[in-house]
Amino acid sequence: MTRMLIIGPPGSGKGTQAERISERLGVVAISTGDIFRANVKGETPLGIEAKKYMDAGDFVPDSVTNNMVRDRLGQSDVENGFLLDGYPRTTAQVDYLDQILAEGEQELDVVLQLTADDEELVTRLLGRAKETGRSDDNEAVIRHRLDLYHEQTEAVVAKYAERGILTQVDGIGGIDEVTDRVLTAIESAKAV
Ligand code: AMP
């Protein structure tokens, strides 16, 4: 049973690594970005609301995001643990997640941060933009998403560091190499 978060700047490969960790540890990976994208594709009311923020590289408001996460964490497949990818991104979301977990008498085991240099990330994301045509992958929007990460999400990382559950992994390198680092880091964090 593992309950964990993966945090990293846009382009750090957190989605890819989250899928691999989820397979290896047998816990469900929940990506708020993926849930939003599925809703945008399905043109649901949630998707229509989220799209305007996503296209601009802004955060979807906490009121929308928090409720979505609460619903998702209430489903039965998370009983054996979960890996949250892309949430929380603001300190208000940290407080909200604390509340949800406290209500279920649950705690996080590990918070994993993937680190990478901004210029490397911009290069990677511009490459991804060509391949996938993601509407939030143009240079101005990419730089805005990186700024938000530094302004808002690094404070989230600092909170978990204070609690002693943060483990950091260098996200630069081949996908397999990073997965090996990540799995080793999780095992040693859980052993503490
Ligand atoms: P991601 O795939 O994690 O990079 O997320 C893509 C986009 O979805 C972000 O740029 C935000 O617009 C939105 N999003 C995902 N997670 C959150 C969150 N925790 N809070 C606010 N917006 C989010």
Side-chain angles (χ1 to χ4, degrees), residues 3-22 28-74 78 82-101 108 111-116 118 120-129 131-160 171 175 178 182:
R3 294 191 186 92
M4 63 172 289
L5 311 179
I6 183 164
I7 302 180
S12 60
K14 67 186 165 56
T16 306
Q17 297 301 334
E19 278 170 26
R20 292 174 158 222
I21 301 165
S22 138
V28 60
I30 300 172
S31 154
T32 45
D34 282 352
I35 300 175
F36 284 132
R37 278 184 289 278
N39 277 277
V40 168
K41 209 169 165 205
E43 296 179 352
T44 67
L46 174 68
I48 291 164
E49 171 73 8
K51 188 177 188 321
K52 50 189 183 214
Y53 299 100
M54 294 172 79
D55 284 350
D58 284 324
F59 289 161
V60 177
D62 284 350
S63 54
V64 175
T65 309
N66 285 339
N67 285 324
M68 184 177 90
V69 171
R70 176 181 280 282
D71 284 352
R72 185 64 188 87
L73 290 181
V78 297
F82 59 78
L83 165 58
L84 265 178
D85 159 11
Y87 181 94
R89 267 170 150 99
T90 63
T91 55
Q93 291 181 5
V94 173
D95 296 341
Y96 194 81
L97 179 61
D98 283 345
Q99 261 184 47
I100 300 177
L101 294 175
L108 293 174
V111 174
L112 182 95
Q113 183 192 25
L114 279 183
T115 59
D118 276 11
E120 167 78 24
L121 293 168
V122 172
T123 308
R124 279 194 192 181
L125 286 167
L126 288 173
R128 182 170 87 182
E131 284 165 26
T132 66
R134 244 177 80 156
S135 55
D136 55 354
D137 275 349
N138 68 66
E139 184 158 356
V141 171
I142 288 168
R143 293 212 178 264
H144 180 55
R145 286 161 61 211
L146 277 170
D147 287 346
L148 276 184
Y149 181 79
H150 293 305
E151 288 163 20
Q152 309 259 352
T153 308
E154 278 175 357
V156 169
V157 173
K159 277 200 158 204
Y160 292 117
I175 294 179
V178 176
V182 163

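Order of listing sets the numbers, starting from 1, for every ligand and every atom in it. The shown structure was predicted, so the numbers you read here are calculated from the model rather than taken from an experiment. Side-chain atoms are counted along with the backbone in the values below, which use heavy atoms only and exclude waters and symmetry mates.
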Practice prompt. Ignoring angles and geometry beyond distance, decide whether D85 reaches within less than 3.5 Å of ligand 1 through its nitrogen or oxygen atoms.
Written response: no
Taken to the nearest 0.5 Å, the spacing of M54 CE from K51 NZ works out to 9.0 Å
Numbered in order shown, the ligand 1 atoms found under 4.0 Å of a heavy atom of K14 are 3 (O)
for atom 19 (N) of ligand 1, nearest protein heavy atom and its distance come out as G86 O, 2.9 Å
When distances are taken from atom 12 (O) of ligand 1, the protein heavy atom at minimum range is D58 O, 2.7 Å
In ligand 1, the atoms that come under 4.0 Å of a heavy atom of T32 are 15 (C), 16 (N), 17 (C), 19 (N)
- Determine whether I7 and T153 make a side-chain contact, defined as any pair of heavy atoms from C-beta on separated by less than 4.5 Å. yes
min-distance protein heavy atom vs atom 20 (N) of ligand 1 -> Q93 NE2, 2.9 Å
Atom 10 (O) of ligand 1 sits nearest the protein heavy atom R145 NE, 4.0 Å
Among non-hydrogen protein atoms, atom 6 (C) of ligand 1 lies closest to R37 NH1, 3.5 Å
inquiry  = Can you confirm whether the side chains of R70 and Y96 place a donor and an acceptor under 3.5 Å from each other?
reply    = yes
closest protein heavy atom to atom 22 (N) of ligand 1 is V60 N, 3.0 Å
Note: ligand 1 atoms sitting under 4.0 Å from heavy atoms of Y87 are 19 (N)
Atom 8 (O) of ligand 1: of R89, M54, Q152, the nearest heavy atom sits on M54
Exercise for the section: Check step by step if side-chain contact (heavy atoms from CB on, under 4.5 Å) holds for R72 and V28. Expected result: CA-CA 11 Å; R72 185 64 188 87; V28 60; 3.7 Å; yes
- Query: Does T32 use its side chain to pair, donor to acceptor, with the backbone of G86 at less than 3.5 Å?
  - Reply: yes
Exercise for the section: Please test D118 against H150 for side-chain contact (heavy atoms from CB on, under 4.5 Å), starting from the C-alpha separation and ending with a verdict. Expected result: CA-CA 10 Å; D118 276 11; H150 293 305; 2.9 Å; yes
A student checking ligand 1 against F36 at a 4.0 Å heavy-atom cut-off should list atoms 8 (O), 13 (C), 14 (N), 15 (C), 23 (C)
Output for pair (M68 CE, I30 CD1), nearest 0.5 Å, gives 9.5 Å
Can D98 and K159 be counted as an ion pair, charged N to O under 4.0 angstrom?
no
Margin query: Could you check whether any side-chain N or O of Q113 sits under 3.5 Å from a backbone N or O of P9, counting only pairs where one atom can act as donor and the other as acceptor?
Written below: no
The atoms of ligand 1 lying under 4.0 Å from a heavy atom of T65, numbered in the order shown, are 18 (C), 19 (N), 20 (N), 21 (C)
